[in-house]
K.L.:
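Before we start, here is the structure in question, set down as structure tokens.
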Amino acid sequence: MPFEPLDQYLQRKKKLAEVKALGDDPYPHKFEQSSTPAQIVAAHARSHAASFETERVNVRTAGRILTLRLHGKAGFAHIQGDGARLQLYVKLDAVGERTFRLFQLLDMGDIVGISGHLFRTKTNELTVWVDTLKLLSKALLPLPEKWHGLADVELRHRQRYVDLIVNSRVRVTFLRRAEILRGLRAFFDARGYIEVETPMMQTIAGGAAARPFITHHNTFDLDLYLRIAPELYLKRLLVGGLDRVYEINRNFRNEGVSSEHNPEFTMLEFYQAYSDYRDLMALTEELFASLAQKICGSTQVTFGEHKLDFSRWQRLSMREAIVLHWPPDAAPSPSSADLAAPGGPRAIAVRYNEWRQRQVLLPSAAPPVPLLDVSSMSDGEITGLLFETLAEPKLIQPTLLYDFPTDISPLAKCRPDDTSLVERFEVFVAGMELGNAFSELNDPEEQERRFREQVARGGEEVPREVDLDYIRALSYGLPPAAGMGIGIDRLTMLFTDSHSIREVILFPLLRPQADSNQ
RNA sequence: AGGGGCGUAGCUCAGUGGCAGAGCAGCGGCCUUUUAAGCCGUUGGUCGUGGGUUCGACCCCCACCGCCCCUACCA
């Protein structure tokens with residue numbers, strides 16, 4: 001099917017026919033490279049022009065034509081391969097009439113294989129003096145304009161293949177994402193974890209609170225959920241004696257899309273038996289610091305206007321964070337004890353709302369922010385909401401936030417000294433939630449009680465039934481354990497200085513376009 | 001979901017209630033060390049879609065579609 005721009009598409013089809021008429025196959029099966037353009041550029045970056053004259057360096061390489069400058073009976077081109085650009089010089093005298101004719105039929109975007117030797121031009125650019133030239137694949141569609149490239153964000157994401165060709169930063173971002181994944185695997189492999197894969201289609205979407213996607217299996221005539229978390233399966237494996245496991249894979253949540261949310265996203269989850277959340281706090285600090293060092297070459301990472309320092313971590317309880325980030329002009333700020341008192345969070349939320357309403361009346365009023373609706377919430381839920389409203393966006397430097405309310409943590413173990421709190425922490429960096437960890441609740445009766453409460457309370461983000469098989473697994477005995485989930489997309493954002501999750505997902509979800517031919 | 005912004009040639013972008021524009025890409029020509037190559041000539045438009053106002057709409061109004069930002073949702 002021809003695509004727009006039609007005139008250029010047809011023009012290139014014509015050239016394709018001419019190439020065939022020359023006796024060349026425009027889509028040959030393979031081409032042996034002696035080295036890639038990137039390897040050639042790297043190996044000879046500092047070679048002098050004179051050295052090429054005394055000792056000839058022959059190369060055989062391939063790539064996509066990105067620039068083309070014809071000068072009558074000679075011409076220059078740049079090919080891009082393996083992430084680098086290499087200049088070619090093609091001269092009628094050197095290649096002969098037939099090959100030169102082929103060269104004249106080439107367009108930007110075509111993929112070619114060449115052989116020749118290296119030299120430096122008058123302007124000292126490393127260049128291949130081409131002896132032979134072969135078309136390896138014809139581009140029937142033109143590349144975007146060479147100065148500005150492809151800037152339209154929507155087009156970049158819809159046609160990521162073009163984005164990758166013309167925007168080198170995109171390539172770097174995704175290479176770095178792969179490095180991050182390798183680094184994570186190396187970190188856990190070295191510590192005796194085994195990598196596992198658990199179901200992504202589940203009959204009960206548990207392990208988190210989120211609206212699931214529904215799909216259907218025909219043979220079993222069975223509705224299934226795409227998983228929202230692997231948590232309950234990974235803990236079953238701990239019951240089975242796999243004491244250290246991790247999984248890196250996709251989760252699916254049928255919720256909003258934003259610069260920090262994509263409906264399918266990649267999570268690392270890992271579990272470690274005979275440990276508690278304090279062990280994971282230490283492990284988290286080590287993991288992030290070593291990964292930053294490995295990926296970015298330093299524990300200091302530039303993210304927008306911020307310099308994130310992964311060698312120094314702040315540890316805050318949720319209540320401390322609320323106190324710390326209470327708006328100064330809404331003084332007096334509450335104390336942690338106020339937040340701990342029964343009914344305290346509600347009273348503080350009311351105070352916050354009163355302050356907000358006064359703000360709206362000021363002449364310099366910012367756009368109105370909805371007041372907190374805490375009418376049907378428990379103290380723990382209100383505490384969580386206060387934290388998210390007041391403190392979360394302010395947590396720029398790496399922070400471990402701990403002491404979560406039990407109400408909002410159905411899978412975590414309570415603190416022995418205070419059952420209103422659980423042994424749980426989250427990782428916050430650059431105002432984003434990066435990770436979530438806790439000491440795993442392993443008392444089957446308490447777990448069942450909390451599940452039943454959850455199901456009874458209902459809501460779209462809660463499973464409709466209790467995962468009784470999980471309770472059965474716990475009944476065989478789950479060793480004391482701690483587990484954690486880390487959002488890989490957001491982690492990649494941090495380490496690539498990307499400010500939208502869509503920049504670190506190759507094909508983010510976009511609405512299909514009615515007219516796909518553009 | 002609500003508010004705001006954007007949508008003009010393949011790409012990057014100007015534009016005005018009165019003939020639809022530029023650069024690059026494309027096409028033809030000249031050019032054997034150029035690199036944003038250059039010079040001469042030239043093709044290409046449902047101005048996101050559909051209504052409305054108007055003598056006349058790319059422009060003003062309404063609805064819809066898509067993207068971006070903020071808010072909401074999101075443990």
Side-chain angles (χ1 to χ4, degrees), chain A residues 3-12 14-15 49 66-78 85 87-95 100 107-109 119-125 127 129 141-159 162 166 207-211 228-229 231 253-263 265 318 366-370 373 380-381 384-385 387-388 392 401 404-412 422 424 426 433 435-438 454 460-462 485 487 499-500 502 508 510-515 517-518:
Chain A
F3 292 92
E4 292 291 342
L6 194 59
D7 55 337
Q8 297 195 40
Y9 185 92
L10 296 175
Q11 182 61 40
R12 284 166 181 240
K14 232 163 79 185
K15 289 183 179 176
L66 284 196
T67 68
L68 208 46
R69 294 177 294 281
L70 273 73
H71 294 261
K73 298 189 177 61
F76 290 90
H78 278 100
R85 289 183 184 197
Q87 183 166 256
L88 309 181
Y89 181 55
V90 181
K91 197 162 84 145
L92 175 60
D93 302 347
V95 299
F100 197 75
D107 288 299
M108 287 190 284
F119 75 108
R120 282 189 184 274
T121 61
K122 280 203 287 205
T123 54
N124 208 38
E125 178 166 352
T127 303
W129 183 284
L141 290 172
L143 293 175
E145 192 236 2
K146 62 190 170 190
W147 306 349
H148 310 89
L150 189 64
D152 184 276
V153 174
E154 182 180 353
L155 255 188
R156 284 185 46 231
H157 294 159
R158 287 191 194 280
Q159 300 185 15
V162 178
V166 299
R211 284 152 63 186
I228 57 173
E231 168 141 358
R253 298 187 181 176
N254 204 340
E255 281 156 4
V257 172
S258 78
S259 56
E260 291 171 23
H261 299 83
N262 195 62
F265 62 101
M318 185 177 274
V369 173
D373 178 12
E381 288 169 324
L385 183 63
F387 165 74
E388 283 168 26
E392 180 170 338
L401 188 94
F404 277 65
T406 306
D407 310 359
I408 58 174
S409 314
L411 295 158
V422 290
R424 172 181 173 189
E426 286 191 346
E433 181 192 332
N436 180 19
F438 39 86
Q454 212 183 7
E460 277 191 286
E461 288 145 17
V462 163
H499 297 260
S500 165
R502 288 180 289 275
L510 296 172
R511 278 196 170 83
Q513 280 185 318
D515 177 13
N517 182 15
Q518 52 170 284

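Each chain gets a letter, A, B and so on, in the order the sequences are listed, and its residues count up from 1.
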K.L.:
Rounded to whole angstrom, note down the C1' distance from B:C61 over to B:C19.
P.N.:
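Straight-line distance between the two C1' atoms is 26 Å.
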K.L.:
Let's see if you can work this out: which of B:G10, B:G23, B:G26 has an atom nearest to the side-chain heavy atoms of A:K15?
P.N.:
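Nearest to the side-chain atoms of A:K15, counting from C-beta on, is B:G26.
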K.L.:
Within the structure shown, what part of the strands sits under 4.0 Å from A:E145 by heavy-atom distance: base, sugar-phosphate, or nothing?
P.N.:
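Here A:E145 touches the bases of the nucleic acid.
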K.L.:
Looking at every strand, decide which applies to A:G75 at a 4.0 Å heavy-atom threshold: base, sugar-phosphate, or nothing.
P.N.:
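No contact at all - A:G75 keeps every heavy atom at 4.0 Å or more from the nucleic acid.
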K.L.:
What distance, rounded to whole Å, do you find between the two P atoms, one in B:U16 and one in B:G3?
P.N.:
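Straight-line distance between the two P atoms is 29 Å.
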K.L.:
Quick one: is A:K146 getting a side-chain N or O under 4.0 Å of the B:C11 phosphate, OP1 or OP2?
P.N.:
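It does not, given that no N or O in the side chain of A:K146 lies less than 4.0 Å from OP1 or OP2 of B:C11.
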K.L.:
Does B:C73 have OP1 or OP2 sitting under 4.0 Å from an N or O in the side chain of A:R253?
P.N.:
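Result: no.
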K.L.:
Determine the interatomic distance between P on B:C68 and the same-named atom on B:C58; round to the nearest Å.
P.N.:
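After rounding to an integer number of Å, I get 28 Å for this pair.
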K.L.:
Looking across every strand, which nucleic acid part, if any, lies under 4.0 Å from A:E260 by heavy atom: base, sugar-phosphate, or nothing?
P.N.:
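If one applies the 4.0 Å heavy-atom cut-off, A:E260 turns out to touch nothing in the nucleic acid.
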K.L.:
So, is A:R511 near the phosphate of B:C67, with a side-chain N or O under 4.0 Å from OP1 or OP2?
P.N.:
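Answer yes for this pair, as a side-chain N or O of A:R511 is under 4.0 Å from OP1 or OP2.
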K.L.:
Side chain of A:L510 only, heavy atoms from C-beta on: which candidate in B:U33, B:C67, B:C24 is closest?
P.N.:
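Closest nucleotide to the A:L510 side chain: B:C67.
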K.L.:
Please state the C1' separation for the pair B:C60 and B:G17 - nearest whole angstrom.
P.N.:
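About 8 Å, rounded to a whole number of Å.
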K.L.:
Within the 4.0 Å heavy-atom criterion, would you say A:E381 contacts the bases, only the backbone, or no part of the nucleic acid?
P.N.:
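The residue A:E381 makes no contact with any strand.
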K.L.:
A:A209 near the nucleic acid: base, sugar-phosphate alone, or nothing, with a heavy-atom cut-off under 4.0 Å?
P.N.:
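It contacts base atoms.
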K.L.:
Expressed as a whole number of Å, how far does the P atom of B:A25 sit from that of B:C62?
P.N.:
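B:A25 and B:C62 have their P atoms separated by 41 Å.
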K.L.:
When all nucleic acid strands are considered with a 4.0 Å heavy-atom cut-off, which category describes A:F119: base, sugar-phosphate, or nothing?
P.N.:
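Answer is base: heavy atoms of A:F119 come under 4.0 Å of a base.
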K.L.:
Looking at B:U34, which nucleotide sits across from it as a Watson-Crick or G-U wobble partner, both distances under 3.5 angstrom, or is there none?
P.N.:
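B:U34 is paired with nothing.
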K.L.:
Can you figure out which of B:A36, B:G26, B:A37 approaches the side chain of A:Q11 most closely?
P.N.:
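Nearest to the side-chain atoms of A:Q11, counting from C-beta on, is B:G26.
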K.L.:
Please work out if A:H78 contacts a base, only the sugar-phosphate, or nothing of the nucleic acid, heavy-atom cut-off 4.0 Å.
P.N.:
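Base contact - A:H78 has a heavy atom under 4.0 Å of at least one base atom.
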